[in-house]
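Below you'll find the structure, written out as structure tokens, and then a few comments.
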Amino acid sequence: MAGRRTYRTRAIVLDRTKLAEQDLILTLLAADGSQARAVAKGARKPGGRLAARAELFCETDFLLAVGRSLDVASEAQTVDPHARLRGDYERVAAASAVAEVARLTCFEDAPDPFLYPICSRALRACEEAADRAHLDLVVAAYVWKVLAHGGWRPELAGCCACGDADVAYFSAAAGGVLCASCAREVAGAQEVGAGQLAWLRALLASTFDELLAAQVDDETALFLLGAAHVWAATHLDARLRAMEFYLGA
């Protein structure tokens, strides 16, 4: 490592790709909100010094050495392992959906101070959720909040086609809620009730603490998660495999 520039950053491990026999390529959400990729040498070796510090969802302080194509993790110290996610099938699936969307909404050399704190809070909320319905709320809220921040905010106050306040349908392709008349012209527009619309608005306006304390039924939570999945897949133009898995978990 002699002669190479090094730097420290706190980061969340969003993805891991196998490299050679014992190494991993880590995709990281850095503390400044940018995406970084680094090689963690020996991270697949049982008992290796980087193994536990490079687990998915870990928040870790890394010392990275700048490489030609990929940086190299030379030191790491765990800050928050999000240990309550481990060994819980539904919580891991929910956290994986959060990490997938985080990976698709952060970019190299594009700092955004909004992204790290909300991802960290969403992962902690996945640990704190009392049941599956609240896990669904957490994932859905994270998706709506991050995409709205990135410029894909749904129109929920009035029909996104004509402005009519009397709305009863939702369409990701159209950009939000629709009145009955305009919905006839939009393929796949989904009818939604007043309670579901209120919840869509609440996901954007409420904190994770408020959502974790809210009363929600399984059916409503599943609707919100499904709507969030369609919204993200449409506007990120990507297949969200982790979200698909979590929906079926």
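Just so it is clear, the model here is predicted, and its values are computed rather than measured.
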(message) For a side chain to side chain contact (heavy atoms under 4.5 Å, CB included) check, start with the C-alpha distance between Cys162 and Cys179, then their side-chain angles and the critical distance, and finish with the verdict.
(response) CA-CA 8 Å; Cys162 71; Cys179 66; 3.7 Å; yes
(request) Write out all pairs satisfying salt bridge (Lys or Arg N to Asp or Glu O under 4.0 Å) with one or both partners inside residues 162-176, taking only residues at least two apart or from two chains. (result) none
What donor-acceptor contacts under 3.5 angstrom involve side-chain atoms of residues 8-20, with partners at least two apart or in another chain?
{"residue": "Arg8", "atom": "NH2", "partner": "Glu75", "partner atom": "OE1", "Å": "3.4"}
{"residue": "Arg10", "atom": "NE", "partner": "Asp61", "partner atom": "OD1", "Å": "3.3"}
{"residue": "Arg16", "atom": "NH1", "partner": "Ala54", "partner atom": "O", "Å": "3.0"}

(message) Which heavy atom of Ala221 sits nearest to which heavy atom of Ala133, and what is that distance?
(response) CB-O, 3.4 Å
(request) Using the test side chain to side chain donor-acceptor pair (under 3.5 Å), find all partners of Glu59 that sit at least two apart in sequence or belong to another chain. (result) His82, Tyr116, Ser120
(message) Asp131: which residues meet the side chain to side chain donor-acceptor pair (under 3.5 Å) condition with it, sequence neighbours left out?
(response) His134
(request) Look only at the side chain of Thr60 and the backbone of Arg53, and say whether a donor-acceptor pair between them is shorter than 3.5 Å. (result) yes
(request) Can you measure from CG (Asp23) to CG (Leu50) and round to the nearest 0.5 angstrom? (result) 9.5 Å
(message) Consider side-chain contact (heavy atoms from CB on, under 4.5 Å). Of Glu90, Glu128, Glu127, which one does Leu135 pass it with?
(response) Glu90
(request) Identify, with sequence neighbours excluded, every residue that meets side chain to side chain donor-acceptor pair (under 3.5 Å) alongside Thr220. (result) Asp217
(message) Minimum heavy-atom separation for Tyr89 and Ala249, please, with both atom names.
(response) CE2-CB, 3.7 Å
(request) Mind checking the CZ-CD spacing from Arg44 to Glu21? Nearest 0.5 Å is all I need. (result) 8.0 Å
(request) Provide the closest heavy-atom pair for Ala73 versus Ala38 in the form atom of the first, atom of the second, distance. (result) N-CB, 4.4 Å
(message) Checking Asp71 now: which residues fulfil side chain to side chain donor-acceptor pair (under 3.5 Å) with it, not counting sequence neighbours?
(response) Tyr7
(message) Would a single hydrophobic cluster contain both Leu200 and Val216, if residues Ile, Leu, Val, Met, Phe, Trp and Tyr are joined by side-chain heavy-atom contacts under 4.5 Å?
(response) yes
(message) Return the CZ to CG distance between Phe107 and Leu115, rounded to the nearest 0.5 Å.
(response) 9.0 Å
(request) Would you confirm whether Thr105, through its side chain, and Val101, through its main-chain N or O, come within 3.5 Å as a donor-acceptor pair? (result) yes
(message) Test of understanding: with side chain to side chain contact (heavy atoms under 4.5 Å, CB included), list the residues that count as partners of Ala95, not counting sequence neighbours.
(response) Phe57, Leu85, Leu123
(request) Walk me through it: do Cys119 and Val98 pass the test side chain to side chain contact (heavy atoms under 4.5 Å, CB included)? (result) CA-CA 7 Å; Cys119 184; Val98 168; 4.2 Å; yes
(message) For Glu219, is the CD atom crowded, meaning more than 12 foreign heavy atoms sit under 6.0 Å from it?
(response) no
(message) Give me the atom names and distance for the closest heavy-atom approach of Ser171 to Trp231.
(response) O-CZ3, 4.3 Å
Ignoring hydrogens and angles, write down the donor-acceptor pairs under 3.5 Å from the side chains of residues 136-155, residues two or more places apart or on other chains.
{"residue": "Asp136", "atom": "OD1", "partner": "Arg132", "partner atom": "NE", "Å": "2.7"}
{"residue": "Asp136", "atom": "OD1", "partner": "Tyr246", "partner atom": "OH", "Å": "2.5"}
{"residue": "Lys145", "atom": "NZ", "partner": "Leu203", "partner atom": "O", "Å": "3.0"}
{"residue": "Lys145", "atom": "NZ", "partner": "Leu204", "partner atom": "O", "Å": "3.3"}
{"residue": "Lys145", "atom": "NZ", "partner": "Ser206", "partner atom": "O", "Å": "2.5"}
{"residue": "His149", "atom": "NE2", "partner": "Asp112", "partner atom": "OD1", "Å": "3.1"}
{"residue": "His149", "atom": "NE2", "partner": "Asp112", "partner atom": "OD2", "Å": "2.8"}
{"residue": "Glu155", "atom": "OE2", "partner": "Ala157", "partner atom": "N", "Å": "2.9"}
{"residue": "Glu155", "atom": "OE2", "partner": "Gly158", "partner atom": "N", "Å": "3.3"}

(request) Sorted by first residue and then second, give each salt bridge (Lys or Arg N to Asp or Glu O under 4.0 Å) pair with at least one member in residues 233-249; sequence neighbours left out. (result) Arg239-Glu244
(request) Check Ala189 against Tyr169 and note the closest heavy-atom contact, atom names and distance. (result) O-CD2, 4.1 Å
(message) Applying salt bridge (Lys or Arg N to Asp or Glu O under 4.0 Å) as the test, list every pair that has at least one member in residues 183-210; sequence neighbours left out.
(response) Arg121-Asp209
(message) Which heavy atom of Cys160 sits nearest to which heavy atom of Gly175, and what is that distance?
(response) SG-C, 4.1 Å
(request) Enumerate the residue pairs fulfilling salt bridge (Lys or Arg N to Asp or Glu O under 4.0 Å) with a member in residues 31-42, sequence neighbours excluded, ordered by first and then second residue. (result) none
(request) Check for a donor-acceptor pair, side chain of Gln35 on one end and backbone N or O of Arg103 on the other, with a separation under 3.5 Å. (result) yes
(message) Clusters formed by hydrophobic residues whose side-chain heavy atoms approach within less than 4.5 Å: which one holds Leu63, and what are its other members?
(response) none
